[in-house]
Q: 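Can you read through this structure? Questions will come right after.
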Amino acid sequence: MHKTYLLTIFLALSLSSCTVGRFFFYNFANINDYKKFQNEDIPNDSENVHYFAEAKQDSFLLPKLRKKDKRYDFAEGLDKTKTVAFLVMRNDTILYEHYDNGYEQYTPVNSFSMAKSYVSTLIGIARDEGLIETLEESVRTYLPYLPEEFQKVSIRNTLEMRTGVDYNESYVSPFSDAAVSYYGRNIQKQLENLEMRSEPDKSFNYRSINTQILAEIVEEVYQQPLNEIVTEKLWKPLGSEQAATWSVDKKKDGNFKAFCCLNAVARDFARLGLLFMNEGNWYGEQIVSKEWVKEATTFDRPKNRFNYTYQWWNKSITKVNSDTLQIPEMHMTFEYEQDGKMVEYVRWPTGAFAAEGHLGQYVYVSPKDRIVIVRLGKNYGNPSPGWSGYFKWIAERNGVNRDF
């Protein structure tokens, strides 16, 4: 065993210049990976920062947080679940803010797949500005270096994760396509060598390379690098408190790791949630159209099991278990075939949605309650306590509809 362990270390060190070597050397992805990668800056406008008001926290209602078979006071539970930041906002006021496990207010964290929602929003802004005429256009219209079979793949297919691309999304194998994207140094080559597994629009398959394609389209239509586009279109207009970074695959002429790796602080991640809660409007300025926000967060497409659209996740839908689930009076139930069986689902009346990232990064938005929640963590809690349920509990009891 000891010799095997030493051999593994030796191989990892000797292969540190390749993807597999970096996978073992870095010991799996974590929220500090921006320190390991090359990054490009996303500056804020220090003269036009929008600072949030802060409410007294003594009127804020918090649940007990369960970790395995024990229940903890919420703050202690955040520590036990490896949460590093937890932020709750009602309208533009901070109701609750907690940092833990060695992290502070201005410690940046890797977004992981929360970045996908940013890329989607940039696609929406590009369409609003007429740089993208229609979502039915082929991705090869903008990226002719993609294999010819991608001529059938539309921008909409890509937003909905319905491209049919052959791509292994595993996060635990050093040989997976996701590992190549994350640890490799040539995303461009990976894009040029993609293959199709099935016809587009046949099924929903969450594949990070789809977001990479979207980001390459954004860069093509704006003729700017991704960090400059997000700075101009989102970071500065939203009055971000801190500068951010976005990781790239290599130092010179690198591609942005657009499917992940936007590195920022909790308060600034919250701004995207607030923007969408306010239908794309930021204090009188329409950053992204109301039409796009509605389209991007309307989960009425059975083909994605009502669960995902335009790089956002539905948080108002739950599989029905009549023994444990209390169904609200105002709800809609429906059936969907899953793995050959008909499964009953219930759609909650909240209309909540979220940007989500690996290891339990969330921007949760409940427009009905006017609540945005950001949770950042070293992992999901191992096992996860079921964050979506806690977000819903907090939103309902602290939102604008609460009986104060």
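Because only heavy atoms are used, hydrogens play no part in the values below, and waters and symmetry mates are left out as well, while side chains stay in. On a predicted model such as this, the values are computed, not experimentally measured, just so you know.
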Q: Describe, in one word, how the ring planes of W282 and F52 are oriented to each other, choosing from parallel (under 30°), tilted (30 to 60°) and perpendicular (over 60°).
A: perpendicular

Q: Determine, for K233 against E129, whether the closest basic-nitrogen to carboxylate-oxygen distance falls under 4.0 angstrom.
A: yes

Q: Is it the case that more than 12 heavy atoms not belonging to E148 sit under 6.0 Å from its CD atom?
A: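 For E148, atom CD is not crowded (no more than 12 foreign heavy atoms under 6.0 Å).
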
Q: By side chain to side chain donor-acceptor pair (under 3.5 Å), which residues pair with K64, not counting sequence neighbours?
A: D73

Q: Quickly, which of Y206, W387, F391 forms a ring-ring contact (aromatic ring centres under 6.0 Å, His included) with W313? Name it, please.
A: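 The ring-ring contact (aromatic ring centres under 6.0 Å, His included) with W313 is passed solely by Y206 among Y206, W387, F391.
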
Q: Among residues at least two apart in sequence or on other chains, which ones pass side chain to side chain donor-acceptor pair (under 3.5 Å) with E169?
A: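 Expected list: Y171, S208.
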
Q: Which word best sums up how the rings of W312 and F276 line up, parallel for under 30°, tilted for 30 to 60°, or perpendicular for over 60°?
A: tilted

Q: Within the supplied structure, the quantity of interest is the number of heavy atoms (other residues, nucleotides, ligands) at a distance under 6.0 Å from K82 NZ; does it exceed 12?
A: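 Incorrect, the count does not exceed 12.
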
Q: Give a yes or no on whether E104 atom CD has more than 12 heavy-atom contacts from other residues, nucleotides or ligands under 6.0 Å away.
A: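 Result for CD/E104: open.
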
Q: So with a 6.0 Å cut-off around NZ of K294, is the heavy-atom count from everything else above 12?
A: no

Q: Report, as yes or no, whether the 6.0 Å neighbourhood of atom CD on E192 holds more than 12 heavy atoms from other residues, nucleotides or ligands.
A: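 Enclosed: over 12 neighbouring heavy atoms sit under 6.0 Å from CD of E192.
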
Q: Give the intermediate values and the outcome of ring-ring contact (aromatic ring centres under 6.0 Å, His included) for residues Y283 and H50.
A: CA-CA 10 Å; Y283 296 93; H50 177 85; 4.5 Å; yes

Q: Measure centre to centre between the rings of F74 and F86, then say whether the value is under 6.0 Å.
A: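 Yes, the ring centres sit under 6.0 Å apart.
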
Q: Would you indicate whether N193, at its atom CG, is surrounded by more than 12 heavy atoms from other residues, nucleotides or ligands within a distance under 6.0 Å?
A: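 More than 12 within 6.0 Å, yes.
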
Q: In terms of heavy-atom contacts, does NZ of K152 have more than 12 from other residues, nucleotides or ligands at under 6.0 Å?
A: no

